[in-house]
Amino acid sequence: MKNEIVLKELSTAELKEKLETERAQYLKMQLSHSVSPLENPNKIKESRKNIARYLTELRAREIAENK
C-alpha cells in the first residue's frame, strides 16, 4: 500500500527511468545468481514484483489518458 502511494506521486518519465534501472538490476542479479548463489535470492523475486508494479502503473496511466 505504501509503495502504491509513492508510485502515483512519480511522473511518467521518472517511472520509466525507474523501470529501466530495475530491469538492468534484475538482469544483473539473475546473471550473478546463476554463476554463484546470491546472499539473499529473495531480492530477485522482489525486483520482479517491482518491475510489474511499474508496468502496471504505466499501463493505468495510459488507459486513463485514452479515456
Side-chain angles (χ1 to χ4, degrees):
M1 188 162 160
K2 183 179 179 184
N3 197 6
E4 192 175 305
I5 296 168
V6 173
L7 289 179
K8 291 185 189 268
E9 293 174 357
L10 295 175
S11 70
T12 304
E14 289 173 328
L15 264 177
K16 287 181 181 180
E17 184 180 319
K18 280 188 170 273
L19 176 63
E20 286 179 29
T21 56
E22 190 73 33
R23 278 184 171 162
Q25 238 182 345
Y26 175 69
L27 290 174
K28 250 188 228 179
M29 280 193 287
Q30 270 189 319
L31 182 63
S32 64
H33 184 65
S34 65
V35 173
S36 64
L38 290 176
E39 195 171 304
N40 187 0
N42 287 331
K43 285 188 176 187
I44 295 174
K45 183 166 60 170
E46 195 176 304
S47 182
R48 194 169 51 234
K49 287 183 179 185
N50 284 335
I51 291 169
R53 285 184 185 109
Y54 296 144
L55 289 172
T56 302
E57 181 62 30
L58 286 171
R59 181 67 180 144
R61 289 180 186 193
E62 183 182 314
I63 290 171
E65 217 175 74
N66 289 334
K67 280 190 176 182

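For the single chain, residues carry numbers from 1 onward in sequence order.
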### Message
Just by distance, no angles: are the side chains of Tyr26 and Glu22 close enough, under 3.5 Å, to form a donor-acceptor pair?
### Response
no
### Query
Roughly how far, to the nearest 0.5 Å, is CG of Leu15 from CG of Leu58?
5.0 Å
### Message
If I take atom CD from residue Glu20 and atom NZ from residue Lys16, how far apart are they, to the nearest 0.5 angstrom?
### Response
9.0 Å
### Query
Can you name the salt bridge (Lys or Arg N to Asp or Glu O under 4.0 Å) partners of Arg48, sequence neighbours left out?
none
## Note on the structure
Taken in chain and number order and not counting sequence neighbours, the residues that satisfy salt bridge (Lys or Arg N to Asp or Glu O under 4.0 Å) with Glu62 are Arg59
Who pairs with [X] by side-chain hydrogen bond (donor to acceptor under 3.5 Å, both in side chains), at least two apart in sequence or on another chain?
{"X": "Ser32", "answer": "none"}
{"X": "Gln25", "answer": "none"}
{"X": "Glu17", "answer": "none"}
{"X": "Tyr54", "answer": "none"}

Solution key, residues 34-44 side-chain donor-acceptor pairs under 3.5 Å, sequence neighbours excluded:
{"residue": "Ser34", "atom": "OG", "partner": "Leu31", "partner atom": "O", "Å": "2.7"}
{"residue": "Asn40", "atom": "OD1", "partner": "Asn42", "partner atom": "N", "Å": "3.3"}

### Task
Quick one: closest heavy-atom pair of Arg61 and Leu7, and the distance?
NH2-O, 2.9 Å
### Message
Please determine whether a side-chain nitrogen of the Lys or Arg among Glu57 and Arg53 lies less than 4.0 Å from a carboxylate oxygen of the Asp or Glu.
### Response
no
#### Entry: side chain to side chain contact (heavy atoms under 4.5 Å, CB included) partners for Leu55, two or more places apart
Leu19, Arg23, Ile51
